[in-house]
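Data block below; observations after.
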Amino acid sequence: MCRVMSTQQVEHVHAALNGFRIELPSWGFANTGTRFGKFLQAAAASSIEEKFSDAGEVHRLTGVCPTIALHVLWDLPNGLADVGRVHAMESQHGLRSGAINPNVFQDQCYKYGSLGNPDAEIRQTALQHLLDSVEIGQALKSRDISLWFADGSNYPGTQNIRHRKHWFEEGLRATHAKLDAEQRLLVEYKPFEPAFYHTDIADWGMALVLAKSAGPKSRVLVDTGHHYQGQNIEQIVAWLLDLDMLGGFHFNDRKYADDDLTMGSIDPYQVFRIFHEILHFEWETGKKADIAYMVDQSHNLKGKIEAMIQTVTTAMELYAKAALVDEKVLAAAQKSCSLMDAETCLRDAFSTDVRPMIREWTESKGLPADPMKAFRESGYLERVTAERKERNLASVSSYA
Ligand code: LRH
Ligand code: MN
């Protein structure tokens, strides 16, 4: 719908974009797949240098993704010894290290869990990796330690769920105690996969209880792909905002489960409703919500860099649309239960084509009006394909 925007609305959207930042996952640039196979891309990144280079390219073109999330065992296999290398990448590509994601799910010892494992030695091994990850975060001056655990079980009766809860409380408290004054602990929940009977941190309530028991610098991380079908994610967001326990998001999209598809590709209105809850909270309270917006996707079929550019521009569009909601009119309509008027506030904003305003904003920042077109004309993809294809296409990929 082509609505004539008032100057005030355009300024409001530009102000919103000035404050909008979204973090890219290093693993989103690497060759990933499903258990049924991995379709290799010649241009995919595998070294930390290549991941910083690709993320730097996306930031150069969009201007809103200055940080890159790192997964410790994938990006700093030598731990603290790799920090120097990362610092060099940060300055070379104009990026900063973002959330530090420990890996306590791939080592053989974690078959029955990490912090939740009945074997105290294995719990200690997992805790040591978390403590090392906190140190890496301190060395990189990155703020968030972002925790996801694959822990759970596959068959009823095979694990004591209450005991595992206690072990998680112990491990998270010990991790929290290691944080410095600037750092936060983000606790991510997921209802299932890879565990298919119970997952120790399965929903927002469990993550909230564990975050609270860990300590005051803990918050809950909402991965949009980690919900049961039909779950009202923006209601969870509203509650966590109200409890001042919302720390961040992993944005992606899905039709069925944790599909990790590109943000807004299946249900853009879902993301819009989430952004709306946050912007309405900020309007009502006058407080800027302290939230880390991050992407968590795996691009199994789409070109990885193009998928990231598409994701970032989609995020900017949906955030700009949410900024167009007339909060004052909406609040009055909600109070008077004027259902049509209230709903129309959201629908009008969502159905507004904000792309002309975003183009104006990008040009005012000296950024390309069409990042995807600029990327395709940059020759970047051709250059990295030539550099990486031999190595990438040599690596075989099969599940069994
Ligand atoms: C788990 C998850 C988690 C990451 C991983 C890459 O599904 O969302 O955030 O560690 O994906
Ligand atoms: Mn995630």
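Note that ligands are numbered from 1 as they come in the structure, with each ligand's atoms numbered from 1 the same way. We're numbering straight along the sequence, starting at 1. Quantities reported herein were computed from a predicted structural model and do not represent experimental measurements.
Residue Glu188 approaches the Mn ion (ligand 2) most closely through its N/O/S atom OE2. Closest approach between the Mn ion (ligand 2) and any N/O/S atom of Asp223 involves OD2.
Taking the Mn ion (ligand 2) as the corner point, the angle from Asp296 atom OD2 to His250 atom ND1 is about 90° (rounded to 10 degrees).
Distance check: Glu50 CD to Arg388 CZ gives 4.0 Å after rounding to the nearest 0.5 Å. Of the inter-residue distances, the one linking Tyr293 atom OH with Phe275 atom CZ reads 5.5 Å to the nearest 0.5 angstrom.
Linking Ile, Leu, Val, Met, Phe, Trp and Tyr residues whenever their side-chain heavy atoms come within less than 4.5 Å places Tyr380 and Met308 in a single cluster.
Using cut-offs of 30° and 60° for the angle between ring planes, the His276 and His280 rings count as tilted.
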CA sep, side-chain torsions, deciding dist, call: His198, Gln159, side chain to side chain donor-acceptor pair (under 3.5 Å): CA-CA 9 Å; His198 102 281; Gln159 288 292 311; over 6 Å; no

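Near ligand 1, residues Trp27, His71, Trp148, Glu188, Lys190, Asp223, His226, His250, Asp258, Asp296 come within 4.0 angstrom through at least one heavy atom.
The existence of a salt bridge linking Asp290 and Arg143 is confirmed by a sub-4.0 Å separation between a basic side-chain nitrogen and an acidic carboxylate oxygen. With salt bridges taken as basic N to acidic carboxylate O contacts below 4.0 Å, one links Glu49 and Arg85.
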